[in-house]
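All remarks here apply to the structure that follows.
One-based numbering, in listed order, for ligands and for the atoms of each. Position 1 is the first residue of the sequence; numbering continues from there.
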Amino acid sequence: MAHKNIRLEVMQTIEKDVDSFINQYLIPVEEIWQPTDLLPNFQAENYMEEVTQIREEAKELGYDFWIVLVGDMVTEEALPTYESWLMDMEGIDQHGRNSWSKWIRQWTGEENRHGDTLNKYLYLSGRVNMREVEITTQHLINDGFEVGTGRDPYRNFIYTSFQELATNISHSRVGKIAKKKGNKSLAKMCNLIAGDEMRHHLAYRHFVKTIFDYDASEMMLAFADMMQKKIIMPAQNLRQSGGKMASAFDDFSNAAQRLGVYTTYDYIDILEKLNAHWEISKISNLTDEAEKARDYLLKLPSRMLRIADRIKIPQDANRFKWVEPNGIV
Ligand SMILES: [Fe+2]
Ligand SMILES: [Fe+2]
């Protein structure tokens with residue numbers, strides 16, 4: 001259990017820098033965009049024209065596209081799960097209001113705008129069965145998630161470094177598809193959300209980089225452990241009404257792979273980027289066990305590439321209640 005105390009000490013040491021991380025990576029409330037900046041203004045006379053335009057622009061987008069956008073929105077809407085999980089990390093003093101808990105609150109405040117934006121857009125698009133979508137959101141929050149980090153900040157920050165970049169990639173790809181189909185307003189929403197995800201990614205990878213300076217062997221072991229377990233998506237437990245927990249995730253993920261919004265190759269690419277940024281190959285003075293973990297991490301991308309080439313994605317779109325007017329009978 002000795003390593004746990006070192007983790008706490010490391011977290012307390014870095015805590016002094018967290019206020020400057022907040023200044024560097026988060027944007028003050030009064031300066032950042034808000035969902036309604038991107039949506040029809042219902043206090044204006046011409047609000048119906050703006051609504052009509054949203055509905056018109058939505059017509060060119062295909063079945064898989066709506067599945068992916070719903071899945072992405074629901075993932076964002078499960079924010080209560082992520083905030084409560086992060087607040088529970090070792091070193092976060094929610095009640096003493098230390099700088100770490102301040103980071104998590106302000107990160108949550110920024111993230112909360114993503115689900116708000118996409119939720120309102122989907123409602124206005126007229127293309128999805130909103131009640132079915134809402135049921136999925138409530139289920140996902142009820143089901144929670146288990147991503148293998150426990151209360152360990154090292155594993156948590158590996159997870160968030162990885163996942164923020166994954167969401168940056170998927171939101172910006174959705175934005176590109178929307179733009180190609182002439183849907184400018186949705187493209188703008190996705191790009192702004194992707195920009196937030198990138199800032200968050202840069203922050204979390206900075207946290208990990210700093211921990212490597214203080215506790216390299218344990219940080220390396222945590223990184224390897226998370227990659228061994230695989231980075232599970234936050235929407236892993238996705239289900240539709242009447243379905244079992246997690247039963248909708250594979251079909252959602254296949255739709256994302258078919259569209260090229262988020263694929264196994266992106267996963268490998270993220271790993272390579274993290275290995276490069278943290279200069280994993282150059283970290284020395286490790287324990288024997290951590291040396292092995294480092295070698296595993298360096299070999300993992302090419303190992304995964306060989307497997308990825310053999311994976312076949314089903315080509316037929318699965319039907320979802322989310323986009324059927326009366327559910328699936
Ligand atoms: Fe987000
Ligand atoms: Fe995020």
#### Entry: N/O/S from Glu164 sitting under 2.8 Å away from the Fe ion (ligand 1)
no
### Message
Using a distance threshold of 2.8 Å, state whether an N, O or S atom of His114 lies below it from the Fe ion (ligand 1).
### Response
yes
### Message
Test of geometry: compute the angle OE1(Glu76)-the Fe ion (ligand 1)-OE1(Glu111) and round it to 10°.
### Response
90°
### Message
Are His201 and Phe162, when compared by the centres of their aromatic rings, separated by less than 6.0 Å?
### Response
no
### Message
Angle between ring planes, Phe223 versus Trp278, binned at 30° and 60°: parallel, tilted or perpendicular?
### Response
perpendicular
### Message
Over 60° means perpendicular and under 30° means parallel, so tell me whether Phe207 and Trp100 are parallel, tilted or perpendicular.
### Response
perpendicular
### Task
Check whether any N, O or S atom of Glu197, backbone or side chain, sits closer than 2.8 Å to the Fe ion (ligand 1).
yes
### Query
Between Arg7 and Tyr154, is NZ or CZ placed under 6.0 angstrom from the six-membered ring centre and within 45° of the ring axis?
yes
